[in-house]
Amino acid sequence: VNRHLTPEEISARVAGERKPALEGHLAECGECQAAVERLDRALARFGGAVKQWSAREFAGTRPFQLPSRSLTGFGLRFAAAVAMVVVAVAVPVYRERRAADLAQQDEALLQEVQADISRSVPLPMETLANLERSGK
Amino acid sequence: METVLTAEAAPVLLDDFDIVVRQHQARIFRFVLACIRDRESAENLTQECLLRAYRARGRFRGEASPSTWLMQIAVNLVRSHMASSRLKFWRKAERSAVDLSSVEDWLADPQLSPEAQVLARQRVAAVWEAAGALPERQRTVFLLRFVEEMELLEIAAATGMKEGTVKAHLFRAVESVRRRIEGKR
């Protein structure tokens with residue numbers, strides 16, 4: 001190539017394009033070499049500035065911590081399964097016990113009622129009946 | 001320097017996830033921060049990236065390096081973040097965007113004369129502005145190439161693009177940046 005590189009060809013070169021004809025011209029033309037180096041350098045300085053700035057910002061970030069096993073993934077699924085089993089077992093047991101308690105209470109009540117019904121003298125009259133019996 | 005792993009060795013290393021975190025967290029954070037320019041979101045996305053990698057580590061087969069694999073997750077997270085909260089992102093960016101000076105101030109080159117320092121800072125600022133105005137895929141490719149110094153094939157693997165597509169985006173990005181540096185719009 002006997003002409004200077006166009007601005008677009010300089011951008012393409014910096015972006016990584018390599019064409020033998022352009023490379024031949026670049027090897028001989030200081031002006032085009034300088035244009036490529038100028039853009040190269042600006043981008044390299046940009047990269048360096050971003051790295052240094054980011055390193056400062058990174059220094060204040062919180063460290064990465066793996067999530068607690070009990071709260072995620074397998075742990076969470078395992079905990080949920082255990083909870084379901086506990087509920088599945090506990091609810092019928094609770095209901096059974098509750099039913100037994102109620103039955104016991106009912107039985108006690110029935111016995112009390114039965115005792116009251118079977119009295120020969122009503123409860124309020126019992127003291128008087130006792131006095132009468134002792135007077136004989 | 002990153003160790004490129006063989007397919008057999010990679011899962012062994014990923015088993016020790018603390019090493020993965022130590023080697024790659026800062027780099028992931030840098031890429032995400034340069035893309036979205038919001039420190040808080042960058043920190044959250046970096047954590048999310050590492051968490052996803054941790055959960056998927058069993059599926060890592062070593063076809064790409066761990067670095068490229070992690071960058072692939074980061075690229076997807078940034079893409080989703082930008083797409084899902086575009087309006088919110090730009091509103092927040094107006095309030096809390098990284099100050100341009102905070103980047104160009106980190107241009108440390110004691111070899112330069114004061115005049116050259118000023119010029120170099122202006123150029124870094126111009127590149128920063130131009131990069132921020134690039135379309136999403138051009139910006140991603142540009143940052144992976146010129147900040148993360150990844151090769152075209154690595155960028156293709158990280159972004160899911162073909163190498164030719166990466167080249168095309170990179171050329172467009174560099175051309176936009178060159179025009180901005182030279183003051184052309």
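Numbered from 1 within each chain, the chains take letters A, B, ... in sequence-line order.
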Looking at A/G60, A/G16, A/A44, A/A59, which has the largest count of heavy-atom pairs under 4.5 Å with chain B?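 Heavy-atom pairs under 4.5 Å are most numerous for A/G60.
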Heavy-atom distance under 4.5 Å to chain B: side chain of A/R62, backbone, both or neither?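 The answer is both parts of A/R62.
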Which atoms of A/L39 come close to chain B, meaning under 4.5 Å heavy atom to heavy atom: side chain ones, backbone ones, both, or neither?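 Only the side chain of A/L39 comes within 4.5 Å of chain B.
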Presence of salt bridge, [Y] and [X], under 4.0 angstrom:
| X | Y | result |
| --- | --- | --- |
| A/K19 | A/E9 | no |
| A/E23 | A/R13 | yes |
| A/E8 | B/R179 | yes |
| A/E17 | B/K167 | no |

What part of [X] gets within 4.5 angstrom of chain A, counting heavy atoms only: side chain, backbone, both, or neither?
| X | answer |
| --- | --- |
| B/V141 | neither |
| B/E148 | neither |
| B/R123 | side chain |

Verify side-chain hydrogen bond (donor to acceptor under 3.5 Å, both in side chains) between B/T159 and B/R137, making sure each step is shown before the conclusion. CA-CA 9 Å; B/T159 57; B/R137 292 203 293 173; over 6 Å; no
